[in-house]
Amino acid sequence: MKNQPTAIEPTKESDLLHIFQALGDPLRLNIVMCLLDTDGKGLKKEDYPIAKSTLSHHIKILREAGLIHCKKSGTAHYYSVQKAELNNKFPGLLELIRQEKIGKH
């Protein structure tokens with residue numbers, strides 16, 4: 001009997017690739033930068049001059065990459081950066097994002 005191929009577990013490298021792909025879009029990078037400043041306060045639709053569906057799409061990509069977490073309270077959604085997990089897996093990544101924000105001002 002042939003050996004069945006086993007599923008390949010996601011590696012740190014593939015996780016990092018997904019994170020970089022998610023952060024490669026300027027709007028998504030901006031969302032993460034803002035969440036680092038206002039952790040848990042929620043995103044304001046009026047801060048982003050795009051359709052609600054487009055903003056939702058960008059948030060979904062950030063969630064799937066493991067960058068942000070959503071907490072629901074009634075009809076409100078509160079997003080926060082997965083700081084502990086990201087610092088554990090990729091030390092220095094969040095600091096680079098913060099430096100990017102500082103460099104833009």
Check your understanding: Please, which pairs that meet salt bridge (charged side-chain N to carboxylate O under 4.0 Å, His left out) have at least one residue in residues 62-81, sequence neighbours excluded?
Key ->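 Matches after skipping sequence neighbours: Lys60-Glu64.
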**Study point:** Separation between CG of Leu23 and CG of Leu96, rounded to the nearest 0.5 Å
**Key:** 10.5 Å
Review point. What's the spacing between His69 NE2 and Lys83 NZ if we round to 0.5 Å?
Key: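 Nearest 0.5 Å value for the NE2-NZ distance: 14.0 Å.
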Using the rule that Ile, Leu, Val, Met, Phe, Trp and Tyr join whenever any side-chain heavy atoms are under 4.5 Å apart, tell me whether [X] and [Y] fall into a single cluster.
{"X": "Phe90", "Y": "Ile68", "answer": "yes"}
{"X": "Ile61", "Y": "Leu16", "answer": "no"}
{"X": "Leu36", "Y": "Leu29", "answer": "yes"}

Provide the closest heavy-atom pair for [X] versus [Y] in the form atom of the first, atom of the second, distance.
{"X": "His77", "Y": "Cys70", "result": "CD2-SG, 3.6 Å"}
{"X": "Ala22", "Y": "Leu62", "result": "CB-CD2, 4.1 Å"}
{"X": "Ile19", "Y": "Ala65", "result": "CG1-O, 3.6 Å"}
{"X": "Val81", "Y": "Leu94", "result": "CG1-CD2, 3.9 Å"}
{"X": "Lys89", "Y": "Asp15", "result": "NZ-OD2, 2.7 Å"}

**Study point:** Given Ile31, Val32, Asp37, the one that forms side chain to side chain contact (heavy atoms under 4.5 Å, CB included) with Leu35
**Key:** Ile31
Review point. Does NE2 belonging to His58 count more than 12 external heavy atoms closer than 6.0 Å?
Key: yes
Exercise for review: Using a 4.5 Å cut-off on heavy atoms from C-beta on, say whether the side chain of Asn30 contacts that of Tyr48.
Suggested key: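 Tyr48 vs Asn30: side chains touch.
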Practice item. Might you work through the side-chain contact (heavy atoms from CB on, under 4.5 Å) test for Leu67 and Tyr79, ending with a clear yes or no? Key: CA-CA 10 Å; Leu67 286 161; Tyr79 298 95; over 6 Å; no
Practice item. Return the set of residues passing side-chain contact (heavy atoms from CB on, under 4.5 Å) with Ala76 (not counting sequence neighbours), or none when no residue passes. Key: Tyr78
